[in-house]
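To start, the structure itself, in structure tokens.
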Protein chains: 2
Amino acid sequence: MGDLERLVMEQLWAASTALTVREVHERLAGTRELAYTTVMTVLDRLAKKKLTERERDGKAWRYRAAAPREELAADLMRDALDRAGDRREALVRFVGQVSDEEAALLREALSRLDGQERTG
Amino acid sequence: MGDLERLVMEQLWAASTALTVREVHERLAGTRELAYTTVMTVLDRLAKKKLTERERDGKAWRYRAAAPREELAADLMRDALDRAGDRREALVRFVGQVSDEEAALLREALSRLDGQERTG
DNA sequence: AACATCTACTACGAAACGTCGTAGATGATT
DNA sequence: AATCATCTACGACGTTTCGTAGTAGATGTT
């Protein structure tokens, strides 16, 4: 994902509803002066990459993020982990790099797994 | 990192010592038929991206990975986490996606932190 | 001097991206 | 119906990254 693409995704994630091209364009106006069609192209490319989905709303399309921002982040973390040779080592390094707060969140998330023992 | 770049990095990670362009080229011979200069270019680009470092060895350069594979993986995990809006949520999703074995490794890595309470 | 080996520099095509313009369809307005 | 506003579809062009490699020139070897 390029920078502009990320910026656009952030608008979608920040919005509670699906947005039209025009809406995204407006929300970006403060940050970046872009042609309407530029936003359209980016949204379209994101859709082709399955990062956004779109539905009709009258004449226009409404786009929304295909997945929550946190899910994408989790997926990317997985991808990164998959590329490590030694997972244990990678996880140790990752954990060693994380802040205290994040470590606590991780423990919490792990303990949440205990009860349900992978029932999905 | 592109595919070829990754392939080359893998050679460096697999080797115990720094490798010359020729050595990388030879090790890749089974997998990919590449011109010697292609390997040279890739190695050079990787060096510019700080993914490899090089040192003189007579007339030739010897390249080695700037960081262990697992460290790069951990860094990428961090980057991914940093791009999540809600870290807690991202970590929960990440943990939920991980295999039982990986969860165990994570717990292990976290407990290892307990004793040293971030003394670095 | 001739040959082998390396690096440096250059190059070129493909793909991803940032950035838009134009054309044409459709709906609203006069 | 003619006009205007709003959208989309499609194409386009420059830049960067990457895969791929050739050529020139330096240097060491025979």
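Everything quoted here is computed from the prediction, not taken from an experiment. Protein chains get the first letters and strands the later ones, always in sequence-line order, with residue 1 at the start of each.
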Exercise. Considering only NZ, NE, NH1 and NH2 on the basic side and carboxylate oxygens on the acidic side, decide whether B:Glu108 and A:Arg88 come within less than 4.0 Å.
Key: yes
Self-check item: Phosphate OP1/OP2 of C:dT7 contacted by B:Tyr36 side-chain N/O (<4.0 Å)
Solution: yes
Quiz item: Rounded to whole angstrom units, what separation is found between the CG atom of A:Leu7 and the C1' atom of C:dC17?
Solution: 14 Å
Self-check item: Closest to side chain of A:Ala35, choosing from C:dC9, C:dC20, D:dA5
Solution: C:dC20
Exercise. Tell whether A:Arg45 reaches the base of C:dT19 with its side chain through a donor-acceptor pair below 3.5 angstrom.
Key: yes
Quiz item: With sugar-phosphate meaning primed atoms plus P, OP1 and OP2, does B:Arg32 contact a base, only sugar-phosphate, or nothing at under 4.0 Å between heavy atoms?
Solution: sugar-phosphate
Quiz item: Are any of B:Lys49's side-chain N or O atoms less than 4.0 Å away from OP1 or OP2 of D:dC18?
Solution: yes
Quiz prompt | Length of the line joining B:Glu26:CD and C:dT5:P, which is rounded to integer Å | solution = 11 Å
Self-check item: Derivation and outcome, side-chain contact (heavy atoms from CB on, under 4.5 Å), residues B:Arg22 and B:Tyr36
Solution: CA-CA 7 Å; B:Arg22 182 149 305 280; B:Tyr36 175 90; 3.4 Å; yes
Exercise. Check whether any side-chain N or O of B:Arg22 sits under 4.0 Å from OP1 or OP2 of C:dC6, and answer yes or no.
Key: yes
Practice problem: Return the value, rounded to whole Å, for the distance between atom CG of B:Asp44 and atom C1' of C:dC6. | Solution: 13 Å
Exercise. Measure from CD on A:Glu5 to P on D:dT17 and round the result to the nearest Å.
Key: 15 Å
Quiz item: Rounded to whole angstrom units, what separation is found between the NE2 atom of B:His25 and the C1' atom of D:dG19?
Solution: 14 Å
Quiz prompt | Spacing of A:Lys48 atom NZ relative to C:dG18 atom P, expressed in whole Å | solution = 15 Å
Quiz item: Which nucleotide, D:dA9, D:dA21, C:dC20, lies nearest any side-chain atom of A:Trp61?
Solution: D:dA9
Practice problem: Kindly say if A:Arg56 contacts the phosphate of D:dT8, meaning a side-chain N or O under 4.0 Å from OP1 or OP2. | Solution: no
Quiz item: Which nucleotide, D:dT8, C:dT7, D:dT20, lies nearest any side-chain atom of A:Val21?
Solution: D:dT8
Quiz item: Can you find a donor-acceptor pair, distance only, under 3.5 Å between B:Thr41 side chain and D:dC18 base?
Solution: no
Exercise. Would you please confirm or rule out a distance under 4.0 Å between OP1 or OP2 of D:dA9 and any side-chain N or O of A:Arg54?
Key: yes
Quiz item: What nucleotide among D:dT8, C:dA8, D:dT6 has an atom nearest to a side-chain atom of A:Lys59?
Solution: D:dT6
Quiz prompt | Which atom of B:Tyr63 lies closest to which atom of B:Val21, heavy atoms considered | solution = CE1-CG2, 3.9 Å
Self-check item: Short side-chain N/O contact to C:dG18 OP1/OP2 from A:Thr38, under 4.0 Å
Solution: no
Quiz item: Where the side chain of A:Asp86 meets the backbone of A:Glu89, is there a donor-acceptor pair that is under 3.5 Å apart?
Solution: yes
Quiz item: Quick one: A:Met40 CE to C:dG18 P, roughly how many Å, whole number?
Solution: 16 Å
Quiz item: Ignoring hydrogens and angles, are the base of D:dG22 and the side chain of B:Thr37 linked by a donor-acceptor pair under 3.5 Å?
Solution: yes
Self-check item: Test: B:Asp79 and B:Arg83 ion pair at under 4.0 Å
Solution: no
Quiz item: When we call it a touch if two heavy atoms are under 4.0 Å apart, what does B:Asp3 touch: a base, just sugar-phosphate, or nothing?
Solution: sugar-phosphate
Self-check item: Any donor-acceptor N/O pair, A:Arg112 side chain to B:Val92 backbone, under 3.5 Å
Solution: no
Quiz item: B:Glu33 CD to D:dA21 C1': how many Å, rounded?
Solution: 14 Å
Exercise. Using a heavy-atom cut-off of under 4.0 Å over every strand shown, decide if B:Met1 touches base, sugar-phosphate, or nothing.
Key: sugar-phosphate
